[in-house]
Amino acid sequence: MTAFAAEKVKEPFANLEVVTDKETINEIVSENPRIQKYLDQNEVFADLEIITDQNEIEKIWEENPDVKALMKSKEYYYLAYVKGNGVRLRNTPSTSGVINGLLCETRKDWVLLNDNYSLNENYIWWQVSDSSIGCPGWIVNDYIYLSAAKSAGRAVTVPEIDFDTLKFVQ
């Protein structure tokens with residue numbers, strides 16, 4: 001055992017600040033290009049609002065007859081507005097999946113969800129059958145449940161999902 005290992009050394013706390021300013025982030029990435037891949041893996045959560053107003057649904061149906069056909073064929077399809085900006089629509093339920101496009105609340109982007117989801121990388125991923133940007137894929141909707149269960153040392157089991165809110169039942 002070394003003298004250093006035998007000593008009880010207190011580790012100093014790191015005083016960290018989250019950088020959210022795009023200009024600063026771009027400057028940091030330009031100086032350290034290797035960190036871009038890590039930034040690309042941070043998923044923006046899609047807080048979803050189920051569309052219940054029949055007039056809004058019919059407006060989307062008029063512009064997207066395929067969406068209407070899918071929703072009429074099976075009752076487990078949900079139209080939802082994306083609440084958040086820069087939500088990645090990926091081709092697979094994984095942070096390494098190709099990004100098909102970005103969804104934004106400011107554009108009133110919507111997604112057509114079915115009841116298919118995947119638990120992967122501590123995220124709940126919802127399968128998107130169609131979207132206002134014209135492509136299907138997968139979006140991250142919830143992380144908190146799995147993260148909290150792991151940090152509490154509990155076994156992570158498949159949680160129950162409330163299909164009215166598209167969140168985990170806690």
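Nearest heavy-atom pair, Leu102 versus Arg107, reported as atom, atom and distance to 0.1 Å: O-NH2, 2.7 Å. Minimum heavy-atom separation, Trp138 to Asn91: CD1-O, 3.6 Å. Scanning all heavy atoms of the two residues, the minimum distance from Trp126 to Asn116 falls at CE3-O, 3.7 Å. The two residues Pro136 and Asn100 make their nearest non-hydrogen contact at O-ND2, 2.9 Å. Pairing each heavy atom of Asn120 with each of Trp125, the nearest pair is O-NE1, 3.1 Å. Nearest heavy-atom pair, Arg88 versus Ile139, reported as atom, atom and distance to 0.1 Å: O-CG2, 3.6 Å.
Interatomic distance, Gln54 CD to Glu58 CD, rounded to the nearest 0.5 Å: 4.5 Å. Taking CG of Asp130 as the start and CG of Leu70 as the end, the distance is 7.5 Å to the nearest 0.5 Å. For the atom pair CD1 of Ile57 and CG of Leu79, the computed distance is 6.0 Å after rounding to the nearest 0.5 Å. Taking CG of Leu112 as the start and CG of Asn64 as the end, the distance is 9.5 Å to the nearest 0.5 Å. Between the CD atom in Glu105 and the OH atom in Tyr81 there is a gap of 11.5 Å [rounded to 0.5 Å]. Note that CD of Glu31 is 11.5 Å distant from CG of Asn26, once rounded to the nearest 0.5 Å.
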Apply the test side-chain contact (heavy atoms from CB on, under 4.5 Å) to residues Ile60 and Ile51: give CA-CA distance (whole Å), side-chain angles for both, the deciding distance (0.1 Å), then the verdict.
-> CA-CA 10 Å; Ile60 292 170; Ile51 303 171; 3.8 Å; yes
For Met71 and Trp61, what are the C-alpha separation, side-chain angles and deciding distance, and is it a side-chain contact (heavy atoms from CB on, under 4.5 Å)?
-> CA-CA 9 Å; Met71 289 183 75; Trp61 284 356; 3.3 Å; yes
Determine, step by step, whether Thr92 and Ser94 satisfy the side-chain hydrogen bond (donor to acceptor under 3.5 Å, both in side chains) criterion, reporting the C-alpha distance in whole Å, the side-chain angles of both residues, the deciding distance to 0.1 Å, and the verdict.
-> CA-CA 6 Å; Thr92 61; Ser94 169; 4.8 Å; no
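Note: the hydrophobic cluster containing Val128 does not contain Val98 (ILVMFWY, side chain heavy atoms under 4.5 Å, direct or indirect links).
Of the candidates Asp109, Ile133, Ile99, Leu89 forms a side chain to side chain contact (heavy atoms under 4.5 Å, CB included) with just one, namely Ile133.
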